[in-house]
Colleague: 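Below are the structure tokens for one structure; questions will follow.
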Amino acid sequence: MTSDILIDGLPATPEDQAHRALVNYGPYTSFRVEHGAVRGLDLHLARLDQAAVELFGESPGALE
């Protein structure tokens with residue numbers, strides 16, 4: 001089994017990873033993709049939306 005760390009679809013450099021580990025504002029999310037799908041993605045997105053409403057008072061809305 002191999003793992004690839006991607007940031008915006010590109011391989012993450014050590015500098016990318018250090019920056020995100022030390023300067024972060026927001027949730028970290030990782031998924032295991034099997035057969036092109038993520039199990040429970042809808043539930044995870046609902047939890048993120050609920051947390052944003054709790055923290056910021058509004059939902060970030062749908063991606064366009």
Side-chain angles (χ1 to χ4, degrees):
M1 183 166 131
T2 62
S3 296
D4 294 322
I5 297 175
L6 303 175
I7 297 177
D8 295 330
L10 301 173
T13 66
E15 293 80 16
D16 290 332
Q17 296 177 56
H19 177 76
R20 280 159 177 77
L22 300 172
V23 181
N24 188 11
Y25 186 71
Y28 169 79
T29 301
S30 63
F31 296 105
R32 181 174 177 175
V33 179
E34 295 180 357
H35 307 291
V38 175
R39 185 181 304 158
L41 180 60
D42 57 334
L43 298 173
H44 176 70
L45 294 176
R47 285 191 298 272
L48 289 176
D49 191 67
Q50 180 183 4
V53 170
E54 198 173 306
L55 183 61
F56 302 111
E58 63 183 335
S59 169
L63 296 176
E64 295 183 24

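All of these numbers come straight from a predicted model, not from anything done at the bench.
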Colleague: Answer with yes or no whether the hydrophobic clustering places Leu48 together with Leu41; edges join I, L, V, M, F, W, Y residues whose side-chain heavy atoms lie under 4.5 Å apart.
Modeller: yes

Colleague: Going by the rule side-chain hydrogen bond (donor to acceptor under 3.5 Å, both in side chains), which residues pair with Glu34 if we only count those two or more places apart in sequence or in a different chain?
Modeller: Arg32

Colleague: Got a second to check how far His44's NE2 is from Phe31's CZ, nearest 0.5 Å?
Modeller: 4.0 Å

Colleague: Pairs under 3.5 angstrom only: tabulate donor-acceptor contacts from the side chains of residues 6-17 to other protein residues two or more places apart or in another chain.
Modeller:
residue	atom	partner	partner atom	Å
Thr13	OG1	Glu15	N	3.4
Thr13	OG1	Glu15	OE1	3.4
Thr13	OG1	Asp16	N	3.0
Thr13	OG1	Asp16	OD2	3.1
Asp16	OD2	Thr13	N	3.0

Colleague: How long is the straight-line distance from CD of Glu58 back to CG of Asp49, given to the nearest 0.5 Å?
Modeller: 10.5 Å

